[in-house]
**Student:** 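If you scroll down you'll find the structure; I have some questions about it.
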Amino acid sequence: MASIKDVAAEAGVSVATVSRVLNDHPSVSADARARVLSAVGALGYRPNAVARSLRTDQTHTLGLVISDVMNPYFTELARSVEEEARALGYSVIIGNADERPDLQDHHVRNLLDRRIDGLLVSPTDGGSPLMLDAARAGTPMVFVDRWIPGVDVPVVRADGRTAVRDLVAHLHGLGHRRLAIIAGPAATTTGRERVEAFREALGAYGLELPDAYIGQGDFQAESGRRVTEKFLDLAEPPEVVFAADNLMALGALDAVRARGVRVPEDIALAAFDDIPWFVHTDPPVTAIAQPTGELGRAAVRALVARIEGRPGESVTLPARLVVRRSCGEPYPASPEPDPAQAPAVQHPAKNRSHT
């Protein structure tokens, strides 16, 4: 591999002149610049990115710490982040926190040590002193999907509350009255927000959310299975189980099938975070879809703005309800809504008797 000295020898100039050309310094003559660029092309020289970063104090690298790489939502988010970053001239180093605060901070610390230009994080909890210190030190940072209250950095997320209200209105219109939720971790903003939104939406119809109908999950499939089994063991099981993320919904499906319980005839199921698999389950799962790709792209744009000294703004995008057949919807269900359009959700009444 050619070195900068080889380029200098080929062009008949000093190493310092080659360096100035590569860094677009205006003090180089047109003739010397042309000879250096010709030598670079002839030798196939590629500047050392690490050495260049030491001179420019930039690595053109972003760090991304996601909560769980096994969750299809975060996999899609990471892909959109990488694509947008590449389009803007940046590389991305990804760390998987696996929903563990200690592993999250491990990745954040390593990324900062690598002198990344900026950091994207979907926090596993709200109590990381490391990220608070990094933000206070001026590290360009953006929270995506989740955030840490009190840390003054832009947040890019979806509006889950409105979508949850749409879901409850849909379920109420179908005749359901006993609704339960598999909640995400209370230490996360999304875990708390989805339970609060669910409770508020039920209250609008005069319905309560008893403690027995709140199951504590951890955004993992096993917790969805465990909580659903507890719901099924109640003297009066819920008519609907709403899983606050897709993996817990898959765990809930495992639990009802293991018991020989039918969806939606015996119990209905809905989920937050739509995934492609939900179309292929039997029945297809009614779910709240987040604009995952746009969230990732918007987060990168906000972070690059901060890196470049421009204000990076918080962004809140709409989530949408995707109606399928897991809650007792009429068969066949309405066609899938156009992702670019807000769905027109209908609420056909259902003949049910309730105690």
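Keep in mind the model is a prediction, meaning the values are calculated, not measured. Atom set for the values below is all heavy atoms of this structure, side chains included, hydrogens, waters and symmetry mates excluded.
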**Student:** To the nearest 0.5 Å, what is the distance between CD on Gln290 and CG on Asp245?
**Tutor:**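 If we round to the nearest 0.5 Å, Gln290:CD and Asp245:CG are 10.0 Å apart.
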**Student:** Going by atom types only, do His106 and Asp102 share a side-chain donor-acceptor pair under 3.5 Å?
**Tutor:**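 No donor-acceptor contact under 3.5 Å links the two side chains.
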**Student:** Side chain of His172, backbone of Leu207: donor and acceptor closer than 3.5 Å?
**Tutor:** no
**Student:** Please check if the side chain of Asp98 supplies one atom and the backbone of Arg100 the other of a donor-acceptor pair under 3.5 Å.
**Tutor:**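 Checked: no pair found.
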**Student:** Could Arg259 and Asp233 be called an ion pair, given the rule that one side-chain N must be under 4.0 Å from one carboxylate O?
**Tutor:** yes
**Student:** With a 3.5 Å distance limit and no angle check, can you tell me whether Arg192 reaches the backbone of Ala186 through a side-chain donor-acceptor pair?
**Tutor:**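 Here the side-chain-to-backbone pair exists.
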**Student:** Can a donor-acceptor pair be found, under 3.5 Å and without considering hydrogens, that links the side chain of Gln216 to the backbone of Gly184?
**Tutor:** yes
**Student:** Main chain of Ala268, side chain of Ser326: is a donor-acceptor contact present, judged purely on distance under 3.5 Å?
**Tutor:** no
**Student:** Checking the side chain of Ser314 only, and the main-chain atoms of Val155 only, is there a donor and an acceptor separated by less than 3.5 Å?
**Tutor:**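 Confirmed, Ser314 side chain pairs with Val155 backbone.
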**Student:** With a cut-off of 6.0 Å (strictly less than), are more than 12 heavy atoms of other residues, nucleotides or ligands near CG of Asp211?
**Tutor:** no
**Student:** Can you name the nearest heavy-atom pair linking Thr188 to Thr124, along with the distance?
**Tutor:**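 Closest pair (atom of Thr188, atom of Thr124, distance): CG2-O, 3.1 Å.
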**Student:** Would you please test Thr286 and Arg324 for side chain to side chain contact (heavy atoms under 4.5 Å, CB included) and show each step?
**Tutor:** CA-CA 5 Å; Thr286 291; Arg324 296 192 179 103; 3.9 Å; yes
**Student:** So that I can tick it off, tell me whether Glu294 and Arg297 are bridged by a salt bridge, with the cut-off set at under 4.0 angstrom between side-chain N and carboxylate O.
**Tutor:**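 Yes, charged N to carboxylate O under 4.0 Å.
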**Student:** Pairing donors with acceptors under 3.5 angstrom, does anything connect the side chains of Ser67 and Arg146?
**Tutor:** yes
**Student:** For a side chain to side chain contact (heavy atoms under 4.5 Å, CB included) check, start with the C-alpha distance between Val227 and Met248, then their side-chain angles and the critical distance, and finish with the verdict.
**Tutor:** CA-CA 9 Å; Val227 169; Met248 295 191 299; over 6 Å; no
**Student:** Take Leu167 and Phe272, measure what side chain to side chain contact (heavy atoms under 4.5 Å, CB included) needs, and give me the verdict at the end.
**Tutor:** CA-CA 10 Å; Leu167 172 63; Phe272 203 106; over 6 Å; no
**Student:** Do Arg165 and Thr162 pair up side chain to side chain, a donor and an acceptor below 3.5 Å, judged on atom types alone?
**Tutor:** yes
**Student:** Under 4.5 Å between side-chain heavy atoms, counting indirect links through other Ile/Leu/Val/Met/Phe/Trp/Tyr residues: same cluster for Trp277 and Leu77 or not?
**Tutor:**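 Different hydrophobic clusters.
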**Student:** Would a distance-only check, ignoring hydrogens and angles, find a side-chain to backbone donor-acceptor pair under 3.5 Å from Asp117 to His60?
**Tutor:** yes
**Student:** Is it true that Leu112 and Phe143 fall in one hydrophobic cluster, defined by side-chain heavy atoms closer than 4.5 Å?
**Tutor:** yes
**Student:** Is the count of non-hydrogen atoms from other residues, nucleotides or ligands lying under 6.0 Å from Arg114 atom CZ greater than 12?
**Tutor:**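 No, the 6.0 Å shell around CZ holds no more than 12 heavy atoms from other groups.
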**Student:** Atom CD in Glu76, atom CG in Asp273: separation rounded to 0.5 Å?
**Tutor:**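 If we round to the nearest 0.5 Å, Glu76:CD and Asp273:CG are 10.0 Å apart.
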**Student:** Could you check whether atom CD of Glu308 has more than 12 heavy atoms from other residues, nucleotides or ligands sitting under 6.0 Å from it?
**Tutor:** yes
**Student:** Decide, yes or no, whether a salt bridge links Arg35 with Asp31 under the criterion of side-chain N to carboxylate O below 4.0 Å.
**Tutor:** yes
**Student:** Is the backbone of Ile94 close enough, under 3.5 Å, to the side chain of His107 for a donor and an acceptor to pair up by distance?
**Tutor:** no
**Student:** Within the side chain of Asn96, is there an N or O that forms a donor-acceptor pair under 3.5 Å with the backbone of Val69?
**Tutor:** yes
**Student:** For the residue pair Tyr213 and Phe231, does the interplanar ring angle fall in the parallel (under 30°), tilted (30 to 60°) or perpendicular (over 60°) class?
**Tutor:** perpendicular
